[in-house]
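The structure under discussion appears below in the form of structure tokens.
Every chain is numbered from 1, with letters handed out A, B, ... down the list of sequences.
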Protein chains: 2
Amino acid sequence: MKKTTIKDVASHAGVSAAAVSYVLNGKAHKVSEDTIQKIHDSVKALNYIPNISARGLAKNTSELVSIIIPQTESRKQLMLENPFYAEIISAIEAVVRDYGYHAILAGVDEGVSYLDISVSRNLDGAIIMGVYPERLYEECKKVNIPIVLIDSYIHDETFANVGIDDEHGGYLATSHLIAKGHRNIALVTGTIRRDGVVEKRFLGYKRALQENGLFYHPDYVFEDSVSYEHGRVTGRLIAERHPDITAVFATADMVAFGLIRGIHEAGKRVPDDLSVIGFDDISMAHMFLPPLTTVKQQISYKGETAARLLMEQIVGERPRRGAEVPRILIPLELVERDTVRLLNG
Amino acid sequence: MKKTTIKDVASHAGVSAAAVSYVLNGKAHKVSEDTIQKIHDSVKALNYIPNISARGLAKNTSELVSIIIPQTESRKQLMLENPFYAEIISAIEAVVRDYGYHAILAGVDEGVSYLDISVSRNLDGAIIMGVYPERLYEECKKVNIPIVLIDSYIHDETFANVGIDDEHGGYLATSHLIAKGHRNIALVTGTIRRDGVVEKRFLGYKRALQENGLFYHPDYVFEDSVSYEHGRVTGRLIAERHPDITAVFATADMVAFGLIRGIHEAGKRVPDDLSVIGFDDISMAHMFLPPLTTVKQQISYKGETAARLLMEQIVGERPRRGAEVPRILIPLELVERDTVRLLNG
DNA sequence: TTGTAAGCGTTATCAT
DNA sequence: ATGATAACGCTTACAA
């Protein structure tokens with residue numbers, strides 16, 4: 001079936017295409033009540049649906065935003081298996097849809113420039129999670145569309161940013177352990193890269209130690225990938241070879257799950273023999289057994305906030321010239337569950 | 001900066017826009033080697049990136065496919081928190097990207113017709129997961145684009161379909177329990193709707209019972225939502241009030257996690273007091289404690305298969321007229337872990 | 001208040 | 001082999 005176009009509507013209503021366009025775009029101030037009515041009737045009658053490509057061509061828009069998330073290294077898949085990203089994406093998609101826009105999922109392949117997809121698709125905005133080679137950000141500046149970064153410590157006034165106070169989070173977790181009487185506290189984490197979120201958490205860990213008069217012990221930090229497997233191996237290791245350690249702070253819940261598993265495999269128990277605290281509070285954290293004590297970041301809210309920020313820039317009247325490039329911090333909260341015990345001693 | 005268009009390239013290369021278009025679309029059979037070279041040079045030099053909207057307008061395509069997944073009822077978010085969907089989407093996105101297309105995430109809101117977004121965006125195809133009101137499928141038939149359904153038992157030759165043999169899966173799980181010596185086996189599940197996947201699993205459950213000379217016991221089926229909470233409540237219930245039941249088959253891993261939690265809360269242990277088997281083998285299943293015995297479906301492979309099927313229909317030469325509408329079944333496999341015990345006696 | 005017409009960037013038809 | 005040129009469906013000056 002041939003699709004109905006704006007012209008069909010126009011002739012059906014006995015007006016010009018321009019009139020139809022005006023009405024449909026709220027620029028009806030120049031159209032009489034009468035024709036407005038006729039047009040609406042015709043739209044209904046013909047079941048007219050505007051063609052976004054055509055509109056985009058004329059207006060240089062797409063009503064599309066892209067969500068960029070990291071890919072797994074091995075297979076080239078999106079890291080949606082990490083529940084953290086999945087949660088945040090649902091939140092983003094929901095608000096984007098609310099605005100009548102759509103979100104495209106975009107893995108950034110090694111070779112191809114993000115710029116390409118952005119200009120070829122005429123994207124109206126983008127949300128970027130994770131950290132990427134400098135190149136990407138440079139490209140982003142070139143395409144002049146609103147962009148909001150999630151969890152980035154990039155020092156750049158160009159991009160809006162929503163994140164959490166990771167240093168504070170690390171501090172919170174470690175302080176909690178200390179308050180429970182622990183003094184030999186390990187840190188299990190993904191790669192600590194300069195200006196990355198885990199570096200900040202690491203810094204918070206050290207500050208908590210220091211403020212409580214505890215020594216920072218470099219061999220208490222086990223740095224590798226942020227993965228279940230790393231946690232598992234390290235859990236076994238700690239349980240078997242580090243009898244002095246009584247608690248461990250994992251910089252991600254997934255790692256904490258692995259830790260607990262590894263500790264069990266070594267024949268010890270959580271929290272009886274070893275306490276574990278996580279970070280993120282992904283929804284699995286409260287389902288896990290034992291339920292995980294962790295630093296809760298409001299993942300959905302974070303995604304929602306980022307998306308709103310983006311959409312406001314896109315549809316907003318405000319010229320967004322230089323002005324305020326917001327950097328929003330979502331509050332953190334420690335949630336106590338069953339993986340940390342009180343050390344009496 | 002003004003974007004470079006095909007005309008810019010054309011004049012830079014000293015040829016017509018048509019020639020450029022030919023070359024860029026592989027229809028170069030009518031162009032001399034010489035100009036081909038010149039055009040490629042100009043493309044490089046000017047950093048030309050085609051405008052997909054314009055192409056779409058001319059060719060009536062979009063190089064876009066939509067992934068439709070169910071939404072949570074409460075908040076109107078995508079069910080990405082269900083790791084099952086997250087996994088499958090990563091897989092789909094990867095192959096779609098491989099084809100140079102993009103995937104848009106689409107929640108289907110109550111009010112709005114899916115048709116709208118499909119025609120307004122000129123979608124080239126769609127993958128639909130979950131089951132929807134009949135209306136949606138009718139709409140899909142109207143827009144004449146390739147569509148592949150995942151896990152649907154819709155009786156309709158119009159749509160390609162990839163799924164699993166759910167009946168067999170239910171049979172597999174239940175048989176395993178029986179083989180381990182269990183005779184009073186509960187079923188904990190989401191709503192059993194006609195022609196839904198859980199109905200099939202339920203049927204498999206009954207067949208296994210029957211083939212082994214066991215009675216089907218209606219009050220052993222606990223039907224509600226497919227959620228952790230339902231599992232948890234039911235776990236408590238079974239542990240406290242049904243001493244006769246020794247094993248339970250959960251039709252989704254998430255439910256199984258809840259069950260195990262509930263059982264623990266009732267002061268019993270898995271698998272010592274009660275055995276639990278799940279379904280899906282989401283990646284969390286092997287991370288859980290205790291690691292979950294479950295029926296594994298190859299989630300990624302399923303998504304990949306669906307996506308390939310779709311993309312082949314889209315880019316394929318074959319007229320896809322009536323012909324073969326494939327219904328692909330991904331093999332199932334039981335994976336034994338630690339939540340089912342051998343019942344001696 | 002309404003209509004005309006010129007783009008927007010491609011593709012495709014048809015001459016040349 | 002190559003180039004005009006007319007679509008494609010919509011928006012938006014500009015006229016009327």
Run the side-chain contact (heavy atoms from CB on, under 4.5 Å) check on A/Met129 and A/Ile92 step by step: do they pass? CA-CA 12 Å; A/Met129 297 187 248; A/Ile92 293 172; 4.1 Å; yes
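- Atom NZ of B/Lys38 is separated from atom C1' of D/dA1 by 12 Å (rounded to the nearest Å).
- Ion pairing of A/Glu138 with A/Lys142 is absent here, as no side-chain N (NZ or NE/NH1/NH2) approaches a carboxylate O to less than 4.0 Å.
- A side-chain donor from one of A/Tyr114 and A/Ser66 sits under 3.5 Å from a side-chain acceptor of the other.
- The CD atom of B/Glu63 sits 12 Å away from the C1' atom of C/dT10 (whole-angstrom rounding).
- The SG atom of A/Cys140 lies 3.5 Å from the CD1 atom of A/Ile147; values are rounded to the nearest 0.5 Å.
- Atom pair A/Arg121:CZ and C/dG9:P shows a separation of 17 Å (rounding to whole Å applied).
- One can place CD1 of B/Ile39 at 14 Å from P of C/dT10, the figure rounded to the nearest angstrom.
- Contact annotation: A/Ser53 does not reach the phosphate of D/dG9 (side-chain N/O to OP1 or OP2, under 4.0 Å).
- The residues B/Glu304 and B/Arg308 are annotated as salt-bridged, a charged nitrogen and a carboxylate oxygen being separated by less than 4.0 angstrom.
- Atom-to-atom, NZ of B/Lys7 to P of C/dT10 comes out at 9 Å; the value is rounded to the nearest Å.
- Closest-nucleotide positions on DNA chain D for B/Leu57 and B/Ser16 were compared, and the one nearer the 5' end corresponds to B/Ser16.
- At the heavy-atom level, A/Thr35 lies under 4.0 Å from the strands shown only through sugar-phosphate atoms.
- The CG-C1' distance, from B/Asn60 to C/dA12, rounds to 14 Å in whole Å.
- Taking atom CG of A/Asn51 as the reference point, atom P of D/dA7 lies 18 Å away to the nearest angstrom.
- Counted within 6.0 Å of NZ on A/Lys141, heavy atoms from surrounding residues, nucleotides or ligands total more than 12; the atom is thus considered enclosed.
- Rounded to a whole Å, the NZ atom of B/Lys3 is 9 Å from the P atom of C/dG9.
- The distance from atom CD1 of A/Ile88 to atom CD1 of A/Ile150, rounded to the nearest 0.5 Å, is 4.0 Å.
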Just by protein heavy atoms under 4.0 Å, how would nucleotides 11-16 of chain D read 5' to 3' in B, S and -? SBBB--
